[in-house]
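Worksheet for the structure shown next.
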Amino acid sequence: MESLNIEGSAKTPTIKFEPTTGKLLIRGRSIPENSIEFYKPLVDKLEEYAGSPQSSTNVDIQLEYFNTSSSKCILDVFKKLEAINAGSSEVVINWHYEEDDEDMLEAGEDYQAIINVPFKMVEMEEE
Amino acid sequence: MNLDIYDFYEKMEKSNIMLSFKGEVTSELLTSILQIMENKMENLEESPKLRRKVYNILVECLQNLYHHIDHEKNGSAVDAPNKSAVFMIRKDGEAYFIITGNYIEANKIDLLKGKLEKINSLTKDELKEYYKEVLNNGEMSDKGGGGLGMIDIARKSGQKLDFNFLPVNNNFSFFSLNIKVSPN
């Protein structure tokens, strides 16, 4: 299974998924007008990965901004991870937020309340 | 018509307009506007917190315009509004104001008005619960929005949504939204 590498842009995040190590990174801004199209390759990849996942799957979400259109797609990604966690892989979602970004922390907590996967809230220092 | 550009300029200056646009809202336009506003707020040395709030709310407001401008289809009535919108960003004291205006078909007003009134009736905690409910159970529209935008704007601004529907003709009204974003 090949890895997934999507380079970030002004409106879309960098996505790196390495099925051989079980590491997923989403970093940057996610504010595209059409996020379903953008997230489809990742959702499809996770669907494939769910068939034979690593014993642990480590997810880093490091978003600076995301729009509400992306928020539904991010939930779809998390639902895939929830299914993987219910199967044979232990999933952890590390939700990163800048130290005074209460809205981003709260957004992470909203997902935590919906998705049955362990979340770690990771505070980052302002650059 | 004799257009008095100085009159326009003075009115905008007096209203502290930082940026205004009227026309068709495209993806490229949104990218540029967001970049310009980021630079302006950086130059004004706004706090990261206020910058983030303005940016987030601006994204939602502008993408609402991008997805939801109604316009007359080809071959319909004369006096048809075109596919364009208006938005302005002004700063008054410490607060930013994001003002948008676009046409909406008359038969869609009740639904939108109902949603906005519901959002305005909720407390901060109720809004959080409502957001999660719509996020988790709401249907995703083909545009990807799924009705979260207005809830998010209300949550992030911490204000009631200030909106108006102005009837234009039998088929259309002009929908306007005025969002205040304060540092606290």
Side-chain angles (χ1 to χ4, degrees), chain A residues 8-13 28-40 42-43 62-82 96-117 119 123-127, chain B residues 25-35 38 47-68 124-125 127-158 181 184:
Chain A
S9 74
K11 282 186 182 165
T12 54
R29 298 179 173 198
S30 185
I31 54 167
E33 285 84 23
N34 187 343
S35 30
I36 301 179
E37 198 181 317
F38 176 76
Y39 279 95
K40 192 172 185 304
L42 176 60
V43 172
Q62 215 172 315
L63 288 169
E64 189 187 358
Y65 294 111
F66 67 95
N67 60 0
T68 53
S69 161
S70 298
S71 67
K72 290 243 173 193
C73 296
I74 294 167
L75 183 70
D76 286 343
V77 167
F78 287 171
K79 285 198 165 157
K80 291 280 172 228
L81 294 167
E82 189 176 42
H96 300 257
Y97 65 97
E98 285 190 15
E99 56 184 341
D100 63 348
D101 194 350
E102 288 153 31
D103 288 335
M104 191 56 80
L105 172 61
E106 202 169 335
E109 289 168 351
D110 288 348
Y111 284 118
Q112 191 174 22
I114 297 172
I115 297 293
N116 192 18
V117 169
F119 271 70
E123 188 179 288
M124 298 182 299
E125 285 193 19
E126 206 91 35
E127 282 164 27
Chain B
V25 177
T26 64
S27 176
E28 293 72 26
L29 175 81
L30 298 194
T31 308
S32 307
I33 297 291
L34 291 169
Q35 180 68 56
E38 266 200 302
S47 69
K49 192 176 169 176
L50 180 62
R51 269 191 252 174
R52 280 195 294 258
K53 273 201 194 294
V54 171
Y55 191 91
N56 267 310
I57 293 169
L58 193 58
V59 167
E60 294 303 325
C61 286
L62 298 182
Q63 292 188 344
N64 272 343
L65 293 180
Y66 175 85
H67 288 300
H68 299 298
K124 188 171 179 281
D125 289 342
L127 264 181
K128 185 182 170 73
E129 289 312 308
Y130 185 45
Y131 179 90
K132 282 192 276 189
E133 186 189 315
V134 176
L135 175 65
N136 201 16
N137 305 325
E139 284 293 306
M140 189 96 158
S141 75
D142 54 348
K143 290 162 183 168
L148 282 173
M150 290 294 183
I151 308 173
D152 195 54
I153 291 169
R155 273 182 90 184
K156 296 225 165 88
S157 70
V181 193
N184 297 310

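Quantities reported herein were computed from a predicted structural model and do not represent experimental measurements. Here is how names work: the chains are called A, B, and so on, in the same order as the sequence lines, proteins then strands, and each is numbered from 1.
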For this session: Pick out which of B/Lys156, B/Arg51, B/Lys53 makes a salt bridge (charged side-chain N to carboxylate O under 4.0 Å, His left out) with A/Asp103.
Result: B/Lys53

Do [X] and [Y] make a side-chain contact, defined as non-hydrogen atoms from C-beta onward lying under 4.5 Å apart?
X: B/Leu135; Y: A/Lys72; value: yes
X: B/Asn136; Y: A/Lys79; value: yes
X: B/Leu34; Y: A/Ile31; value: yes

Problem set entry | Proximal component of A/Glu106, with respect to chain B [non-hydrogen, under 4.5 Å] | both

For this session: Mark yes when over 12 heavy atoms from residues, nucleotides or ligands other than A/Glu37 sit less than 6.0 Å from its CD; otherwise mark no.
Result: no

Seminar exercise, completed: Applying ring-ring contact (aromatic ring centres under 6.0 Å, His included) to B/Tyr66 and not counting sequence neighbours gives none

Problem set entry | Any residue meeting ring-ring contact (aromatic ring centres under 6.0 Å, His included) with B/Tyr130, in chain and number order, not counting sequence neighbours | none

Problem set entry | Main-chain N/O of B/Ser27 paired to A/Lys11 side chain as donor or acceptor, under 3.5 Å | yes

Give the minimum heavy-atom separation between [X] and [Y], together with the two atoms involved.
X: A/Phe66; Y: B/Asn56; value: O-OD1, 3.9 Å
X: B/Lys132; Y: A/Ala113; value: NZ-CB, 3.8 Å
X: B/Thr31; Y: A/Ala10; value: CG2-CB, 4.3 Å

For this session: Mind ranking B/Gln35, B/Glu129, B/Lys49, B/Gln63 by heavy-atom pairs under 4.5 Å with chain A and telling me who comes out on top?
Result: B/Gln63

For this session: List the steps and the verdict of side chain to side chain contact (heavy atoms under 4.5 Å, CB included) for A/Asp110 and B/Tyr131.
Result: CA-CA 9 Å; A/Asp110 288 348; B/Tyr131 179 90; 3.8 Å; yes

Problem set entry | Approximate separation, where rounding is to 0.5 Å, of B/Ile153 CD1 and A/Thr68 OG1 | 8.0 Å

For this session: Carefully, step by step, assess B/Arg52 and A/Asp100 under the rule side chain to side chain contact (heavy atoms under 4.5 Å, CB included).
Result: CA-CA 11 Å; B/Arg52 280 195 294 258; A/Asp100 63 348; 2.7 Å; yes

For this session: Determine, for B/Glu38 against A/Arg29, whether the closest basic-nitrogen to carboxylate-oxygen distance falls under 4.0 angstrom.
Result: yes

